[in-house]
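Read the structure below first, then the notes.
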Amino acid sequence: MDIRKVKRLDYDRLSPLINQWWGGRQMSEKLPKLFFDHFTDTSFIVEEDGEIIGFLIGFLSQTYAKEAYIHFVGIHPEQRKRGIGKELYHRFFSKVQTENRTKIRCVTSPVNKTSIAYHTKMGFAIEQGNKIVDGIPVHANYDGAGQDRVLFVKELVT
């Protein structure tokens, strides 16, 4: 297993895989090519035997000097439960700490129970929202009408 920084050419290889990994859900539109052009220093690809088996796309906040943001993470369904996601997150944490970032943020949908469980296991706290869905605080209409989201934050130990 090899973990390396994302390259521009990875977009063409990864984009078709995303919808497959999400069981046919149209998710690739949430990861436009601009991430492969502008955030290569804080985004990572995992390869094994020449095949992409995981990725993390993240960036340093331009607005908040101590914060970084994880935009999108995916692990090939047959490669889950191997610690790949955990390794990607720790790689991202280490990288952003070199840039003096101490707070990590990310967002998921309230229907994505797996993501909610994973982030809380990784030490992320759920931010208080303005609505409760299935016992989880959410931010109503965060990404537009009817697009509620769960917001996470994690303080990194310095």
Side-chain angles (χ1 to χ4, degrees), residues 5-8 10-46 52-81 84-93 95-96 99 101-156:
K5 291 180 182 176
V6 165
K7 296 184 242 178
R8 173 182 273 194
D10 290 325
Y11 175 80
D12 293 329
R13 291 179 59 211
L14 182 59
S15 187
L17 301 175
I18 294 172
N19 294 342
Q20 292 173 18
W21 292 2
W22 269 263
R25 285 177 53 206
Q26 295 302 304
M27 300 295 288
S28 62
E29 64 193 31
K30 297 186 183 298
L31 189 58
K33 191 170 189 167
L34 70 91
F35 286 95
F36 295 79
D37 289 335
H38 297 282
F39 302 109
T40 59
D41 202 40
T42 53
S43 298
F44 304 94
I45 290 278
V46 182
I52 295 175
I53 61 169
F55 67 93
L56 181 149
I57 305 298
F59 55 88
L60 304 175
S61 173
Q62 298 297 299
T63 304
Y64 303 104
K66 294 293 182 184
E67 296 186 14
Y69 183 84
I70 296 173
H71 174 67
F72 207 144
V73 181
I75 308 298
H76 186 293
E78 294 174 7
Q79 302 296 328
R80 294 176 184 158
K81 307 283 187 198
I84 296 168
K86 184 177 182 179
E87 181 61 33
L88 283 167
Y89 275 70
H90 286 290
R91 183 76 55 108
F92 181 77
F93 298 161
K95 172 58 186 166
V96 301
E99 302 290 335
R101 306 301 171 116
T102 57
K103 187 180 285 189
I104 309 296
R105 293 188 181 277
C106 56
V107 174
T108 196
S109 170
V111 299
N112 194 339
K113 305 298 185 207
T114 302
S115 178
I116 294 168
Y118 186 80
H119 285 93
T120 53
K121 182 179 175 184
M122 288 293 295
F124 284 84
I126 297 175
E127 292 190 19
Q128 190 59 45
N130 56 3
K131 179 178 171 182
I132 301 293
V133 174
D134 295 331
I136 303 291
V138 303
H139 293 253
N141 303 315
Y142 183 82
D143 277 334
Q147 300 295 311
D148 300 347
R149 296 294 181 256
V150 179
L151 277 61
F152 296 97
V153 62
K154 178 179 176 74
E155 299 283 343
L156 298 178

(request) List the atom of Thr40, the atom of Lys5, and the distance in Å for their closest heavy-atom pair. (result) O-CB, 3.4 Å
(message) For a 4.5 angstrom cut-off between non-hydrogen side-chain atoms, does Val107 reach Tyr69?
(response) yes
(message) How long is the straight-line distance from CG of Leu156 back to CZ of Phe93, given to the nearest 0.5 Å?
(response) 6.0 Å
(request) List for me each residue that meets side-chain hydrogen bond (donor to acceptor under 3.5 Å, both in side chains) alongside Arg149, sequence neighbours excluded, and say none if there are none. (result) Asp143, Gln147
(message) Please give me the minimum heavy-atom distance between Pro137 and Gly129, naming the atom from each residue.
(response) CB-N, 3.7 Å
(message) If you apply the rule side chain to side chain contact (heavy atoms under 4.5 Å, CB included), what do you find for Ile104 with Phe152, and how did you get there?
(response) CA-CA 8 Å; Ile104 309 296; Phe152 296 97; over 6 Å; no
(message) With a sphere of 6.0 Å drawn around CZ of Arg8, does it hold more than 12 non-hydrogen atoms of other residues, nucleotides or ligands?
(response) no
(message) Restricting to salt bridge (charged side-chain N to carboxylate O under 4.0 Å, His left out), what partner residues turn up for Lys30, sequence neighbours left out?
(response) none
(message) Let me confirm one number: the CD1-CZ distance from Ile84 to Phe44, rounded to the nearest 0.5 Å.
(response) 15.5 Å
(message) Side chains of Leu31 and His71, heavy atoms from C-beta outward: is any pair under 4.5 Å?
(response) yes
(message) Treating His139 as the side-chain partner and Gln128 as the backbone partner, does any N or O pair qualify as donor plus acceptor under 3.5 Å?
(response) yes
(request) Answer yes if the ring centres of Phe55 and Phe72 are under 6.0 angstrom apart, and no otherwise. (result) yes
(request) State, yes or no, whether a side-chain contact exists between Phe92 and Val73 at a heavy-atom distance under 4.5 Å. (result) no
(request) Before giving the answer on side chain to side chain contact (heavy atoms under 4.5 Å, CB included), spell out for Asp148 and Lys131 the whole-Å C-alpha distance, their side-chain angles and the decisive distance to 0.1 Å. (result) CA-CA 9 Å; Asp148 300 347; Lys131 179 178 171 182; 2.5 Å; yes
(request) Look up atom CG in Asp12 and atom NZ in Lys7, then write down how far apart they are to the nearest 0.5 Å. (result) 13.0 Å
(request) Evaluate the side chain to side chain contact (heavy atoms under 4.5 Å, CB included) criterion for residues Leu14 and Val6: first the C-alpha distance (whole Å), next the side-chain angles of each, then the deciding distance (0.1 Å), finally the verdict. (result) CA-CA 10 Å; Leu14 182 59; Val6 165; over 6 Å; no
(message) Quick one, Leu34 and Phe39 - any side-chain contact, counting heavy atoms below 4.5 Å?
(response) yes
(request) Please work out which of the three classes, parallel, tilted or perpendicular, describes the rings of Phe59 and Phe35, given edges at 30° and 60°. (result) tilted
(message) If we ignore hydrogens and angles and just use 3.5 Å, is the side chain of Lys81 paired with the main-chain N or O of Glu78 as donor and acceptor?
(response) no
(message) Between Arg101 (side chain only) and Ala65 (backbone N and O only), is there a donor and an acceptor less than 3.5 Å apart?
(response) yes
(request) Calculate, to the nearest 0.5 Å, the distance between atoms CE and OG belonging to Met27 and Ser15 respectively. (result) 12.0 Å
(message) Please report the interatomic distance CG(Leu60) to NZ(Lys66), rounded to the nearest 0.5 Å.
(response) 12.0 Å
(message) Looking at every non-hydrogen atom in both residues, tell me the closest pair between Gly54 and Trp21 and how far apart they are.
(response) N-CH2, 3.7 Å
Identify every side-chain donor-acceptor pair in residues 116-127 under 3.5 Å, counting partners at least two apart or on other chains, and give the distances.
residue, atom, partner, partner atom, Å
Tyr118, OH, Lys86, N, 2.9
His119, ND1, Ser115, O, 2.8
His119, ND1, Ser115, OG, 3.2
His119, NE2, Tyr89, OH, 2.7
Thr120, OG1, Ile116, O, 3.1
Thr120, OG1, Ala117, O, 3.0
Glu127, OE2, Arg105, NH1, 2.0

(request) Check whether any side-chain N or O of Thr42 sits under 3.5 Å from a backbone N or O of Gly58 as a donor-acceptor pair, and report yes or no. (result) yes
(request) Could you pull out the closest heavy-atom pair between Val96 and Ala68, with the gap in Å? (result) CG1-CB, 3.7 Å
(message) To the closest 0.5 Å, what do you measure between CD1 (Ile57) and CD1 (Ile70)?
(response) 11.0 Å
